[in-house]
Visitor: 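To start, I am sharing the structure in question, which I have written as structure tokens.
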Amino acid sequence: MSDAMSGTAQIGVTGLAVMGRNLARNLARHGHTVAVHNRTGARTKALVEEFGKEGDFVPAGTPREFVAALERPRRLVVMVKAGEATDAVVGEFAPLLEPGDIVVDGGNAHFSDTRRREEALRERGVHFVGAGVSGGEEGALHGPSIMPGGSDEAYAALGPLLEDIAAKAHDGAPCTAHIGPDGAGHFVKMVHNGIEYADMQLIAEAYDMLRAVAGYAPARAAEVFRTWNTGRLDSYLVGITAEVLAHTDAATGRPFVDAVADAAEQKGTGRWTVQTALDLGVPVSGIAEAVFARSLSGHTGLREAATGLPGPHRPPLGERDAAHFADQVEQALYASKITSYAQGWNMMRAASEEYGWNIDLGTVAAVWRGGCIIRAAFLDRVRAAYDADPALPTLLADAEFAGETGAAQEAWRAVVATAVRYGVPVPGLSAALASYDALRADRLPAALTQAQRDYFGAHAYRRTDRPGVYHTLWGQDRSEVRTDG
Ligand code: NBP
């Protein structure tokens, strides 16, 4: 342990609840001297008492001591509850900092708050880095996926430390990279969580279909997921699905999944993703359906009121048909996954253009290959697609992914159609298929929608046969006038 006033710590962490404590330990374990501070001093003391032997910690009792303990330019990681606490901490530390110092917010901030904070600190010459951190407390300790936004100068000073403590992908590359200026890192982290919601919903629907249509008990479904996890669906979420489904509840002796109340909660990043997508005008139906599905599951009153409504009663398939059906579900799940990832990437591209972030979309896939919740073999291929063509308009247009969705589409339709016949809700799988069909359509009924808008609101329309903007005089002789001069 060093003297808090000597300015020897390479980095500091303030906010030592589960995330901050583990991040500080991770940094110390990698040989960095870490100043540690928490509003309530007991947490600082406990960290040093319990884990002081893991590395070189410099405990600080006050913000002034904490700042003084850091070598220059100072690197401070703020790991407090997102929102008002972050503003309070930044407000407390800012007067103690000097130009060139770097404040890193590793909390789950909304990217617009990060943009605001970055701008405010920039005026004082202090760098503000909004860094998305994914992987929960285990990740923070053993290697998270880290998505820092901010200036190039800040990344140059911070990057090597982040690369040390980040998860490593299967090829040894660190799961972190400079994502882009100001709010880019927190934006990308938000989309990560949105994609995570969509992935989880699709997996849940696949399980529901295996159970209701194939007639597989949870333990059998677990085997199916285990097998899928050795193929193109290989991912953390499919792996834990197999484990959860195979687990027996000790109290009741029933499958654990049957002992859990069927109301899914959410912390809000999925909702942020959808709200932001609406503002950007980017369709992310897969993520939206996942957010709504969680919301619906928790609406006890609505569900009780509708419980007696009629639905089909169909017996599960026989053994041979069930195996064939399970294979079709794998195809539907995979094609839907491609579609929802494509939506997430479309959103990052749109925001990158809107805010001038210049996000490298292939790098984002690389950063998510380890440490985070959506880590998956699949992401190597997403990266390859964007590396091959950084201007790729959508993942669905990549030749390999297009080939796979095309090959899966009959099975995908069969699964969605079967779900409808059995009365099993599959909002994620069907929204993904609808998105696929809408994007590939030669003509959409949007023509009728626009004509209706012209009828009741004189909103005008473009024509397929010639340029210009037109309005039909619906209330008069239905003649057409050109409205763009
Ligand atoms: P919490 O989100 O539970 O926050 C607790 C910390 O915030 C404590 O250190 C607390 O200090 C501090 N704090 C609060 Br609350 N108000 C403060 C204030 N006004 N001034 C100074 N400090 C204040 O901690 P966490 O679960 O470790 O998460 C930290 C951040 O990381 C959050 O933004 C979270 O969203 C994000 N994150 C969490 C996870 C996860 O899996 N938990 C994953 C990824 C990101 P005290 O000890 O004095 O009360």
Side-chain angles (χ1 to χ4, degrees), residues 12-27 34-51 59-67 76-96 103-114 117 128-149 162 165-167 175-176 183 185-197 200 236-237 240 265-273 367-368 370-375:
V13 179
T14 180
L16 301 174
V18 21
M19 289 296 289
R21 184 184 60 185
N22 282 358
L23 216 56
R25 291 173 61 198
N26 189 348
L27 283 158
V34 189
V36 285
H37 170 262
N38 191 70
R39 176 180 63 177
T40 310
R43 283 199 205 264
T44 316
K45 197 159 166 270
L47 165 61
V48 176
E49 273 172 16
E50 279 177 60
F51 306 107
T62 64
R64 193 168 290 281
E65 267 179 47
F66 180 65
V67 168
L76 298 76
V77 179
V78 179
M79 228 31 203
V80 300
K81 197 173 167 64
E84 287 172 14
T86 309
D87 281 324
V89 172
V90 172
E92 200 173 2
F93 281 91
L96 306 174
V103 177
V104 183
D105 174 17
N108 271 340
H110 192 281
F111 77 97
S112 57
D113 287 336
T114 302
R117 291 172 185 139
F128 186 79
V129 172
V133 178
S134 180
E137 54 182 294
E138 281 298 297
L141 184 60
H142 299 293
S145 171
I146 312 176
M147 296 145 255
L162 299 184
I165 63 163
C175 294
T176 186
H186 274 138
F187 186 93
V188 161
K189 167 63 167 44
M190 176 186 74
V191 175
H192 164 281
N193 286 25
I195 292 175
E196 171 189 320
Y197 272 57
M200 291 172 72
Y236 171 72
L237 282 171
I240 65 164
E265 294 170 6
Q266 45 190 316
K267 276 205 205 157
T269 35
R271 187 166 53 229
W272 283 354
T273 314
V367 165
W368 290 346
C372 67
I373 305 298
I374 66 167
R375 59 186 184 261

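Indexing begins at 1, ligand by ligand and atom by atom, following the structure's order.
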Visitor: Taking C-beta and beyond as the side chain, do R39 and V80 meet within less than 4.5 Å on heavy atoms?
Guide: no

Visitor: Using 0.5 Å steps for rounding, measure from the CG atom of N108 to the OG atom of S134.
Guide: 8.5 Å

Visitor: Are the side chains of V90 and F128 in touch, meaning some heavy atoms are under 4.5 Å apart?
Guide: yes

Visitor: Between V188 and W368, is any pair of side-chain heavy atoms under 4.5 Å apart?
Guide: yes

Visitor: Taking side chain as C-beta onward, heavy atoms only, is D87 less than 4.5 Å from R117?
Guide: yes

Visitor: Give the ring-plane orientation class for H37 versus F66, where under 30° counts as parallel, over 60° as perpendicular and anything between as tilted.
Guide: tilted

Visitor: Report all protein residues having a heavy-atom distance below 4.0 Å to some atom of ligand 1; order the list by chain, then number.
Guide: G15, L16, A17, V18, M19, N38, R39, T40, R43, M79, V80, K81, A82, A85, A88, V89, G107, N108, V133, G136

